[in-house]
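Working notes for the structure below.
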Amino acid sequence: QVQLVESGGGLVQAGGSLRLSCAASGPTAKNYLMGWFRQAPGKEREFVAAIRWTATNTNYADSVKGRFTISRDNAKNTVYLQMNNLKPEDTAVYYCAAATLWSTITTSNDGGYWGRGTQVTVSS
């Protein structure tokens, strides 16, 4: 089992940057693959980015490639999402996620773990 707590959301103007953090805790936290999802008003939750704890493999949604970077600090059990060149369409609640399968964390994370989310609002 793993507990996830996000931080770092806020209001930013278009073109600006934000960094989200996700602290993972629990005796088996390092066994999980980590990712970020987001849900905009009136839309379904969608995959944003994922990373492995023990390798450099990452995966990004096409809509954020080249603008967002996922990284992790194994010593702190923390995953980050650096978001640059933000656009109004990036406005959403961002959720940290954890799963045991790469195919799960890079799609819907069905059956995985979720944080409570952090709001990101990008003004035009």
Side-chain angles (χ1 to χ4, degrees):
Q1 198 170 11
V2 60
Q3 292 78 45
L4 307 172
V5 179
E6 304 97 334
S7 61
L11 173 64
V12 64
Q13 288 187 331
S17 299
L18 281 175
R19 189 177 80 157
L20 306 183
S21 300
C22 172
S25 61
T28 60
K30 279 193 168 57
N31 294 339
Y32 289 88
L33 306 167
M34 302 296 295
W36 289 95
F37 288 71
R38 66 186 182 186
Q39 187 168 20
K43 295 187 176 181
E44 293 187 355
R45 188 152 48 186
E46 63 177 4
F47 167 76
V48 174
I51 191 168
R52 298 181 186 270
W53 279 114
T54 57
T56 58
N57 299 56
T58 57
N59 192 297
Y60 295 92
D62 288 343
S63 58
V64 306
K65 280 181 182 177
R67 300 188 299 123
F68 291 11
T69 303
I70 189 171
S71 62
R72 85 283 194 220
D73 184 331
N74 289 350
K76 297 181 178 179
N77 278 7
T78 299
V79 176
Y80 304 97
L81 185 68
Q82 178 67 44
M83 305 184 295
N84 297 329
N85 191 22
L86 282 161
K87 304 175 181 180
E89 52 262 43
D90 294 318
T91 295
V93 177
Y94 283 71
Y95 296 90
C96 183
T100 57
L101 296 176
W102 191 242
S103 60
T104 299
I105 200 67
T106 55
T107 55
S108 62
N109 198 39
D110 282 348
Y113 293 92
W114 297 98
R116 299 182 70 174
T118 184
Q119 177 71 46
V120 171
T121 303
V122 184
S123 63
S124 57

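Just so you know, residue 1 is the first one in the sequence shown, and it goes up from there. Since the model is a prediction, treat every value here as computed from it, not as a measurement.
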Discussion item. I'd like to know if Lys87 and Asp90 make a salt bridge, using a cut-off of under 4.0 Å between side-chain N and carboxylate O.
Written reply: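 Salt bridge flag = no for Asp90 with Lys87.
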
Discussion item. Does this structure show an ion pair linking Arg38 with Glu46, if we count only N-O contacts that are shorter than 4.0 Å?
Written reply: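 Counted as a salt bridge, because a side-chain N and a carboxylate O are separated by less than 4.0 Å.
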
Closest non-hydrogen atom pair, [X] against [Y]:
X      : Y      : answer
Pro27  : Gln1   : CD-O, 4.4 Å
Val48  : Val64  : O-CG2, 3.6 Å
Ala98  : Val2   : CB-CG1, 3.8 Å
Pro88  : Ser124 : CG-CB, 3.8 Å
Ala24  : Leu4   : CB-CD2, 3.8 Å
Ile105 : Ala50  : CG2-CB, 3.9 Å

Practice prompt. For side chain to side chain contact (heavy atoms under 4.5 Å, CB included), just list the numbers for Cys96 and Trp36, CA-CA rounded to whole Å, side-chain angles, deciding distance to a tenth of an Å, and then say yes or no.
Written response: CA-CA 5 Å; Cys96 183; Trp36 289 95; 4.1 Å; yes

Worksheet item: Going through the distances and angles, do Gln39 and Tyr95 end up as a side chain to side chain contact (heavy atoms under 4.5 Å, CB included)?
Response: CA-CA 8 Å; Gln39 187 168 20; Tyr95 296 90; 4.2 Å; yes

Item to complete: Starting at CG of Leu33, measure out to OG1 of Thr104 and round the result to the nearest 0.5 Å.
Response: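 Answer for the CG-OG1 pair, Leu33 versus Thr104, is 8.5 Å.
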
Discussion item. Using the rule that Ile, Leu, Val, Met, Phe, Trp and Tyr join whenever any side-chain heavy atoms are under 4.5 Å apart, tell me whether Phe47 and Met83 fall into a single cluster.
Written reply: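 Cluster IDs for Phe47 and Met83 differ.
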
Practice prompt. Treating Ile, Leu, Val, Met, Phe, Trp and Tyr as nodes and any side-chain heavy-atom pair under 4.5 angstrom as an edge, say whether Leu86 and Tyr80 lie in one connected cluster.
Written response: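 Each belongs to a different hydrophobic cluster.
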
Worksheet item: What's the verdict on side chain to side chain contact (heavy atoms under 4.5 Å, CB included) for Leu20 and Glu6, showing C-alpha distance, side-chain angles and the deciding distance?
Response: CA-CA 7 Å; Leu20 306 183; Glu6 304 97 334; over 6 Å; no

Fill in: Stacked cation flag Arg45 on Phe37, 6.0 angstrom / 45 deg
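The answer is no; the distance or angle limit is not met.
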
Worksheet item: Will you find, in the side chains of Lys30 and Asn77, an N or O donor that is under 3.5 Å from an N or O acceptor?
Response: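 Short answer, yes.
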
Practice prompt. Decide side chain to side chain contact (heavy atoms under 4.5 Å, CB included) for Thr100 and Asn31; before the verdict, give the C-alpha distance in whole Å, the side-chain angles of both, and the deciding distance to 0.1 Å.
Written response: CA-CA 7 Å; Thr100 57; Asn31 294 339; over 6 Å; no

